[in-house]
A.B. asks: 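Have a look at this one before I ask anything.
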Amino acid sequence: MAPSSESEQPGTARDLAVPVPAHVEARTGDPFVIGPGVRVVTDGSTEAVAVAVMAASRLHRLSDVPVAVLHEDDGTPGSVVLALADAATVGVPAGTDASLAHEAYRIDVTADRAVLTAVSGAGLLHAAHTLQQCAVPGAEPATWTVAPQLVVDHPRFAWRGLCLDVARHFFGVPDLLRVLDLMASLKLNVLHLHLTDDQGWRLDVPSRPALAAVSGLTAVGGDPGGYYSSQDWAQLLGYAASRHVTVVPEIDLPGHVNAALHALGELTPSGRPARAYTGIDVGFSRLHVDLPATRPFLHDVLGDVAAMTPGPWVHVGGDEVLTMEPAEYRALVRAAVEELAAAGKTVVGWQEVASALDGPPAPGEGPALEEALASAVVQYWDEREGAEEVTRAAAHGARVVLSPATRVYLDMRYDAATPVGLEWAGHVEVRDSYEWEPLDVLPGVPADRVLGVEAALWTETVRTSEDLFLLLLPRLAAVAEVAWSRADARGWDSFAARLPRQTARWDERGYTWYRSPQVPWSAGR
Ligand code: TNX
């Protein structure tokens, strides 16, 4: 937040936090003051200490006073206390799904202290972000106050994601760290990286160094490419883990593979490498099930990616294959699922894979594959088609992540004047990204099969981090609230009123954002 000399009466998290918490009670009494003497006290758990170090550096930046991290509270006013606790102590409603309770947190603010409790480090980090959003400028310079209140909060959906296309245009580790910071501040917990496409291959994998060495260099429009070395990848994963964000790598198959065909001639029928592609058409490139190099490619590359990725998920793409018979598509998708299942991963695929998931097993397919197919995650994006197939897959056990393009494709322009972006799914204003109900998207899919919501940012037209954040903000905040907050706790007017205050932090971090005419920006700042 930017320093300000005007003090104000702090409101509660209901007026200040994005996403809005499930339960907030205002308390009487004086506010908690962040200023000289403020310190962070932990219960000594590694989870709490890790969050405490981040919170202390944040409090230091806010208040400009040194902020210690201590293990004991001497009882004098000014402690921000971080401690793990069981779900009942946190106050999670009985019967809450364990994966959701895991991220729950509680904040008790009195004049003397702010006590943050959670079941996990993820919950403590969420609590710290909510507390920060509740701090408003105090009476003295460089002091901040937080209203006395009780917050008890947990997410509505377990999967709250952002898919970022780093294949059409490359974004390096420093940009991704900024994206991760933004995601964590909005309580988003899945960064899905679209690492490969026709225009580029962005992850160096040990079994096929030519992929990154050759196709790491290309990008849309002849722009500079780039790729993540294994060290870059480890740095990214470590940073994401410390922010409690899971990285889901996507290797897009069996279409969107021109970059692989350009680097590895053995994947083409002629044996000659395909020419580099720097346009933005889709659907023309493909693997061939009957080439001898294809299965070893799937085995080695997916095995490498699985081994390089600590999270449970690997995404196999599967979208927009326009030049292949269904039988070959099905065989290639099932081969990819089989390789990833053998490597211990759960498969995620775009909605098109739904058609390949069910049906009778082919010769040689075993029970392990059946199980992997049934537990796959299907990502719904194109509302013009596929609802039936996805609904059927869900009935057979698949879980669904919702990315309806007309709501959460953040590469769509806000309006005709937006300087970058596409328009095939229409214009997507902030309110479009906000005002929708996930369970209404696929009415035939039972609520317990909906794993969550994911925004997507495709980068055909996105060349700089300024373009990137302009498209993300403020819509990513809208999607985050859809994914986190209970339907009956949120509403557009409240969201639009809470949004302007978030921009001080965006400005401080150098994120560009779109000044949507739908939001009363000058109010409440
Ligand atoms: C569709 S969404 C695609 C991408 C494009 C995007 C542009 C999906 C699975 N495929 O290849 O980049 O539209 O909005």
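Start at 1 and go down the list; that is how both ligands and their atoms are numbered.
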A.B. asks: In ligand 1, which numbered atoms sit nearer than 4.0 Å to a non-hydrogen atom of H256?
C.D. replies: 11 (O)
A.B. asks: Any carboxylate oxygen within less than 4.0 angstrom of a Lys/Arg side-chain nitrogen, looking at E365 and R330?
C.D. replies: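 Salt bridge flag = no for R330 with E365.
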A.B. asks: Run the ring-centre check on F469 versus Y514 and record whether the distance is less than 6.0 Å.
C.D. replies: no
A.B. asks: Can an N or O of D165 be found at a distance shorter than 3.5 Å from an N or O of ligand 1?
C.D. replies: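 So ligand 1 has no N or O lying under 3.5 Å from an N or O of D165.
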A.B. asks: Using a 4.0 Å cutoff against the non-hydrogen atoms of D411, which atoms of ligand 1 qualify?
C.D. replies: 7 (C), 14 (O)
A.B. asks: For W350, counting its heavy atoms only, list the atoms of ligand 1 lying under 4.0 Å from any of them.
C.D. replies: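 Result: 9 (C).
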A.B. asks: In terms of side-chain geometry, is the basic nitrogen of R334 or E339 positioned less than 4.0 Å from the acidic oxygen of its partner?
C.D. replies: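 Result for this pair is no, no salt bridge flagged.
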A.B. asks: Numbering the atoms of ligand 1 from 1, which are under 4.0 Å from a heavy atom of L422?
C.D. replies: 7 (C), 14 (O)
A.B. asks: Pairing donors with acceptors under 3.5 angstrom, does anything connect the side chains of H244 and N189?
C.D. replies: no
A.B. asks: Run the numbers for me: atoms of ligand 1, each under 4.0 Å from some heavy atom of E460, listed by number.
C.D. replies: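 Numbered from 1, ligand 1 contributes 5 (C), 7 (C), 12 (O).
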A.B. asks: Among all the protein's non-hydrogen atoms, which is closest to atom 13 (O) of ligand 1, and how far away is it?
C.D. replies: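 I find the closest protein heavy atom is W424 NE1, 3.6 Å.
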A.B. asks: Would you say R168 contacts ligand 1, with heavy atoms under 4.0 Å as the rule?
C.D. replies: yes
A.B. asks: Kindly identify the option in E320, E250, M412, H194 whose heavy atom sits closest to atom 4 (C) of ligand 1.
C.D. replies: E320
A.B. asks: Out of the candidates H126, H154, K187, only one should pair with E103 under the side-chain hydrogen bond (donor to acceptor under 3.5 Å, both in side chains) rule; please name it.
C.D. replies: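 That would be H126.
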A.B. asks: For ligand 1, is there an N or O atom under 3.5 Å from any N or O atom of W458?
C.D. replies: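 No, there is no polar N/O contact under 3.5 Å.
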A.B. asks: For D319, take its heavy atoms, then give the atoms of ligand 1 lying under 4.0 Å from any of them.
C.D. replies: 8 (C), 9 (C), 10 (N), 11 (O)
A.B. asks: What residue and atom, counting heavy atoms only, is the protein's closest point to atom 2 (S) of ligand 1, and at what distance?
C.D. replies: Y409 OH, 2.4 Å
A.B. asks: Any Lys/Arg nitrogen of R498 or E481 sitting under 4.0 Å from an Asp/Glu carboxylate oxygen of the other?
C.D. replies: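 Salt bridge between R498 and E481, a charged N being under 4.0 Å from a carboxylate O: yes.
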A.B. asks: In terms of the angle between their ring planes, are W350 and W458 parallel, tilted or perpendicular, with boundaries placed at 30° and 60°?
C.D. replies: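 If you compare the ring of W350 with that of W458, the planes turn out tilted.
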A.B. asks: Is it true that D165 and R168 make a salt bridge, defined as a side-chain N closer than 4.0 Å to a carboxylate O?
C.D. replies: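 Counted as a salt bridge, because a side-chain N and a carboxylate O are separated by less than 4.0 Å.
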